[in-house]
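Below you'll find the structure, written out as structure tokens, and then a few comments.
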Number of protein chains: 2
Amino acid sequence: MLPDQRREKIVEYAENNGFASLQQLAELLDTSESTVRRDLEYLDGKGQVRRTRGGIAYVGESLTDFEERTTRALSQKQRIGRAVAELIEPGDSILLDGGTTTLEVARHLVNRPLQVVTNSLPIAQLLVNSPETELILIGGYMYPKTGVALGPIAVEALRTIRVRRLIMSVGGITKEGMFNSNSLLVEAEQRMLETAEEVIVAVDAGKFGRNALSKLCDLDRPDRIFVDSGLNENWKDILSSKNVEMTIVE
Amino acid sequence: MLPDQRREKIVEYAENNGFASLQQLAELLDTSESTVRRDLEYLDGKGQVRRTRGGIAYVGESLTDFEERTTRALSQKQRIGRAVAELIEPGDSILLDGGTTTLEVARHLVNRPLQVVTNSLPIAQLLVNSPETELILIGGYMYPKTGVALGPIAVEALRTIRVRRLIMSVGGITKEGMFNSNSLLVEAEQRMLETAEEVIVAVDAGKFGRNALSKLCDLDRPDRIFVDSGLNENWKDILSSKNVEMTIVE
DNA sequence: AATAATATGACCGATATTGATTGAATATGA
DNA sequence: TCATATTCAATCAATATCGGTCATATTATT
């Protein structure tokens with residue numbers, strides 16, 4: 001097997017399982033631990049994966065990525081995306097955060113007369129040739145896996161922008177608030193929150209009760225949350241007690 | 001089997017499988033490893049496929065298919081792109097302007113250890129998943145036709161950036177200087193000129209003697225110009241009298 | 001047909017990768 | 001704390017791959 005191919009498989013395996021031990025990988029790839037060790041060193045050096053004693057852990061959206069793979073979660077994302085897009089009115093100016101859910105929203109915005117601001121490369125790619133849509137891209141350091149622009153350049157660019165609606169997704173929601181896994185991302189998203197009149201959060205129910213690294217904002221900060229019908233009653237009560245408008249998509 | 005036919009099969013196989021080893025290919029095509037090796041060198045040179053030790057990996061979306069079959073001017077662009085890319089050293093920080101010629105340069109930068117700054121969406125798309133390459137995207141208003149970011153946001157972002165080399169292409173070159181067709185673009189490019197230690201212009205010979213809307217800079221502003229061999233002697237004299245280093249690609 | 005130009009396959013020294021081994025560093029558990 | 005068991009980083013010999021060269025075969029041109 002080719003070295004690059006092997007490394008790709010390692011990343012893939014780590015993505016799916018969140019963690020992988022040296023032995024597992026050596027057996028899976030039918031190679032020696034030495035080689036795996038060298039590969040991990042290489043991949044870690046590049047930030048694709050984080051080494052831990054005895055193996056590796058996937059860095060980034062590990063848990064969510066896994067869930068995204070399941071078709072059920074995906075089709076829910078699509079439904080959520082459509083529902084959010086239906087809310088958008090002609091001539092709106094909207095800010096689209098990166099993420100697979102917001103990408104689903106963007107799919108429904110092609111060829112609609114809108115001003116769209118985004119820091120997501122895939123979303124920009126989708127909308128750049130949409131004739132009716134005026135597209136403004138937020139630049140910055142490109143985070144490789146998800147293709148979103150982060151860092152000081154992104155934050156600075158967001159300072160000069162005002163939009164009617166922000167559509168964002170988050171990595172986890174607990175009673176303490178909304179979370180995401182990457183602190184650079186959270187910093188950019190906090191700036192986004194300041195630029196929008198109305199904040200809309202689009203998540204699948206699986207994110208509720210799950211924690212992540214950095215706190216993004218309080219639970220009552222969004223004006224509206226779009227979520228699929230998998231949300232349990234307890235959470236519905238909590239949200240309505242916080243005066244967050246909720247749209248259950250099915 | 002014809003060489004071109006054989007190469008086409010190699011690309012096809014790589015597309016389908018993601019990876020292909022030398023041995024696999026040699027067997028599949030019923031030819032020697034030497035020949036396959038030469039083919040891979042050729043295909044890698046065109047950016048259609050990425051060589052890795054022991055074989056090849058398929059690289060990104062094949063815009064190439066479309067461009068491959070077009071005029072001679074394009075293959076000159078490819079050659080220029082390759083020549084410019086050879087100049088770039090590991091660890092360099094470079095700023096890539098938008099345009100088809102610079103896109104050809106970018107094809108040869110995939111998987112090389114570099115810091116790349118660009119305002120071009122297609123170039124970003126090409127490099128975002130190149131693991132060795134750190135990518136910084138300049139945002140702004142997206143100009144639909146060419147997919148480059150322009151306007152005040154782009155200009156502002158460029159103010160905070162310094163790079164070793166700027167690689168740009170221009171719409172026209174006359175004795176009065178370099179020109180481009182869009183004044184927003186020229187404004188951004190003038191800012192780019194300020195951020196780079198060394199300015200490299202990559203153009204095909206057809207641009208010489210041609211005018212365009214907005215003046216970008218004087219003829220002697222670039223440190224180096226890459227151009228194909230179609231450039232006539234008169235222009236060579238003019239450029240050398242201006243102390244611009246010239247590389248004739250062929 | 002003769003010649004030139006190009007493509008091919010085999011070979012070889014240089015280089016990179018691999019797997020095993022070792023002692024050092026770190027974690028585990030009494 | 002100490003003893004034991006893992007895991008780690010470094011090293012080395014064996015192996016695989018690379019780039020270049022050369023003789024031969026194929027194709028194009030005169």
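Order of the sequence lines fixes the chain letters, A, B, ..., with proteins taken first and strands second; residue numbering starts at 1 for each chain.
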[N], OP1 or OP2 - any side-chain N/O from [X] closer than 4.0 Å?
| X | N | result |
| --- | --- | --- |
| A:Thr31 | C:dT18 | no |
| B:Gln23 | D:dA16 | no |
| B:Arg6 | C:dA7 | no |

So how far is it from A:Tyr143 OH to A:Asn119 CG, rounded to the nearest 0.5 Å? 13.5 Å

With rounding to the nearest 0.5 Å, note down the distance linking CZ in B:Phe208 to CG in B:Asn234. 11.0 Å

In whole angstroms, how far is the [atom2] atom of [N] from the [atom1] atom of [X]?
| X | N | atom1 | atom2 | answer |
| --- | --- | --- | --- | --- |
| B:Leu22 | C:dT17 | CG | P | 15 Å |
| A:Ile56 | D:dC8 | CD1 | C1' | 16 Å |
| A:Leu40 | D:dA10 | CG | C1' | 17 Å |
| A:Glu27 | C:dG19 | CD | P | 15 Å |
| A:Leu25 | D:dC8 | CG | P | 12 Å |
| B:Asp44 | D:dC18 | CG | P | 12 Å |
| A:Asp30 | C:dG19 | CG | C1' | 12 Å |
| B:Gln5 | C:dA7 | CD | P | 15 Å |

Establish, from distance only, whether the side-chain atoms of A:Glu189 and A:Asn180 form a donor-acceptor pair under 3.5 Å. yes

Assess the side chains of A:Thr174 and A:Glu176: does a donor N or O sit below 3.5 Å from an acceptor N or O? yes

Less than 6.0 angstrom from the centroid, inside 45 degrees of the normal: does B:Arg210 satisfy that with respect to the ring of B:Phe179? no

Charged N to carboxylate O under 4.0 angstrom, B:Arg165 versus B:Glu198? yes

Against the side chain of B:Arg51, the closest entry in C:dT18, D:dG19, C:dT8 is D:dG19

Are A:Gln125 and B:Leu121 packed together at the side-chain level, in the sense that at least one heavy-atom pair is separated by less than 4.5 angstrom? yes

Protein proximity profile, nucleotides 10-16 of chain C - base contact B, sugar-phosphate-only contact S, no contact -, cut-off 4.0 Å on heavy atoms: BB---BS

Given that both distances must come in under 3.5 Å, which nucleotide forms a Watson-Crick or G-U wobble pair with C:dA30? D:dT1

Pick base, sugar-phosphate or nothing for A:Ser21, based on heavy-atom distances below 4.0 Å to the nucleic acid. nothing

